[in-house]
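As structure tokens, the structure follows; a few thoughts come after it.
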Amino acid sequence: MTLVTAIPEHLQVERTIPASTPANYEPPFPAYSAQFAKDVSSLVMAVIGAQFPSKTGKEEAAISKVNSFLTFSGEDGEEALDPAFSEWAAVTDPKGYYNITALAYWKSEELYQKWTTKSGFSSWWESLDTQEQENGWFLEVFFPTMDRFETVFSSGEIPEGAAEMRDGVVGPIKEHVYWGSMRDRLAIAQTDTLDGEEFLKAPAEQAPNGNLSRRIRVPGKQNLAIIRSGQDWADTAPEERKLYVKTMHPVLEAGMNFLRDHGDEVGCYSCRFMDIVDPITRSADKDRTFGLAYFDELASLEKWSREHPTHLAIFGGFLKYAAQLNNVITLRLFHEVLVVKPEQQLFEYVGCHPETGMLVAK
Ligand code: HEM
């Protein structure tokens, strides 16, 4: 098997920090990375969320509102301004609130900024008044340059997330299934240790009704690490599906609950284990989930995945799962990781409860 390196040629530089790839390494199974055109220098991932005290059906208006902007058909020259890809996901959080979010991706910050203005999103967002809104709103946007972004896919065929904008696929890649491989796929990590800021977690201020009565912008943090790690068992045959639901899903859920409830022990500010949902029916009718987590730095994310019993249970569970299926696996796994500078992050919360997203971070 000819293996290729996950870092695209135009982003390769002389390493001042060696990769951790073992000598003469051959991964036990193949994996792939998304390839983007050379002229794509950055991308945008936006999480646009609405928060309700419970799931009641009132979400419909919020979804339609956000969709009215996402489907804006304006253009800038030849380029469409609406997101290159978007989908909806939902999670009920530990306070019982139902959070429904659009995940939307653009090929550049410039296109995103033009979309915010021309679609009317920006003026609508700025005009939101916590006194008048029945639900909370949150906006979490990341603007990584391509050297601060990496992906790994178990399948080279079906894209997910930002890879919906891919130009092609690279692989099978060399950098995977050994600890440290995520860092080795990040171009910036050739020369940068990507240290973060001290982990500071404090409950945000409380309003009498438990919701924050005003709009809060949380400042960005140096080298915040974002992971979206997805699972798709839609195409599994009955035997594999049963095994996934019975053995993998529970350990995955336990890992995500740990990061959500005790993330402060491992440098994780926020973790949402989300179902991809149909925006019309709001039912999780697609067999796809993902964990979306924000860590104070890449090293904390690495440490949790390498050492913590909850990810080790996921990892160990997967090896058993693969063995039981004689390594013929239809389950698809992917992740995308972004390590962003403070100015490459935007966190704004309007009338959300104090444990939402980065509100917990001082
Ligand atoms: C690495 C399994 C979910 C975080 C790995 C690896 C496996 C694995 C086999 C090593 C593979 C490689 O590098 O190619 C799984 C399975 C999951 C799952 C089967 C779900 C069914 C998650 C989730 C997160 C996560 C939800 C975080 C939100 C990581 C990280 C690494 C990793 C950060 C890379 C470690 C490094 O390269 O240093 N996982 N995982 N995983 N996993 Fe998971």
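FYI, side chains are in, hydrogens and waters are out, and symmetry mates aren't considered; it's all heavy atoms of this structure. Counting starts at 1 for both ligands and their atoms, following the listed order.
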If you measure from each non-hydrogen atom of Met256 to ligand 1, which part falls under 4.0 Å: side chain, backbone, both or neither? side chain
Contact between Tyr178 and ligand 1, counting heavy atoms under 4.0 Å? yes
Between Asp287 and Tyr244, is any side-chain donor less than 3.5 angstrom from a side-chain acceptor? no
With sequence neighbours excluded, tell me which residues meet side chain to side chain donor-acceptor pair (under 3.5 Å) with Thr16. none
Got the closest protein heavy atom to atom 38 (O) of ligand 1, with its distance? Gly180 N, 2.8 Å
Identify, for atom 28 (C) of ligand 1, the protein heavy atom at the shortest distance, and state residue, atom and that distance. Ile227 CG2, 3.6 Å
Ser86 to Pro83 - nearest heavy-atom pair and separation: CB-CG, 4.3 Å
Which of the numbered atoms in ligand 1 are below 4.0 angstrom from a heavy atom of Phe318? 9 (C), 19 (C)
So, are Glu307 and Lys303 salt-bridged, with charged N and O less than 4.0 Å apart? yes
Sub-4.0 Å heavy-atom contact, Tyr321 with ligand 1: no
Thinking salt bridges, do Glu87 and Arg228 make one under a 4.0 Å N-O criterion? yes
Using 30° and 60° as the class boundaries, would you call the ring planes of Phe149 and Phe36 parallel, tilted or perpendicular? perpendicular
of all protein heavy atoms, closest to atom 40 (N) of ligand 1 is His311 NE2, 3.3 Å
protein heavy-atom neighbour closest to atom 35 (C) of ligand 1 works out as Ser305 OG, 3.4 Å
Element-labelled atoms of ligand 1 that are located less than 4.0 Å from some non-hydrogen atom of Trp304: 4 (C), 24 (C), 25 (C), 27 (C)
When you look for heavy atoms under 4.0 Å from ligand 1, do you find them on the side chain of Met182, its backbone, both, or neither? both
Could you list the atoms of ligand 1 found under 4.0 angstrom from a heavy atom of His176? 12 (C), 13 (O), 14 (O)
Please write down residue, atom name and distance for the protein heavy atom closest to atom 12 (C) of ligand 1. Val177 N, 2.9 Å
Note: Trp179, heavy atoms under 4.0 Å from ligand 1, region reported as both
Does even one non-hydrogen atom of Val152 get within less than 4.0 Å of ligand 1? no
For atom 7 (C) of ligand 1, what's the nearest protein heavy atom and its distance? Phe315 CD1, 3.3 Å
Tell me whether the rings of Trp115 and Tyr112 are parallel (<30°), tilted (30 to 60°) or perpendicular (>60°). tilted
Quick check: Phe199 with Phe295 (ring centres under 6.0 Å apart)? no
Under a 4.0 Å N-O cut-off, is there an ion pair linking Asp235 with Arg332? yes
To check your reading of the model: name the closest protein heavy atom to atom 3 (C) of ligand 1, its residue, and the distance in Å. Ser229 OG, 3.6 Å
What do you reckon, does Arg183 put a non-hydrogen atom under 4.0 Å from ligand 1? no
For atom 18 (C) of ligand 1, find the nearest protein heavy atom and state the residue, atom name and distance (0.1 Å precision). Ile314 CG2, 3.5 Å
Passes salt bridge (Lys or Arg N to Asp or Glu O under 4.0 Å), Arg288 versus Glu160? Steps please. CA-CA 11 Å; Arg288 287 165 62 212; Glu160 288 253 20; 2.8 Å; yes
Any heavy atom of Leu333 under 4.0 Å from ligand 1? The part involved is side chain
Got a sec: is His335 within less than 2.8 Å of atom 43 (Fe) of ligand 1 via an N/O/S atom? no
Side-chain donor/acceptor of His311 to backbone N/O of Ser305, under 3.5 Å: yes
Could you verify whether a donor N or O on one side chain and an acceptor N or O on the other, from Thr5 and Glu175, lie under 3.5 Å apart? yes
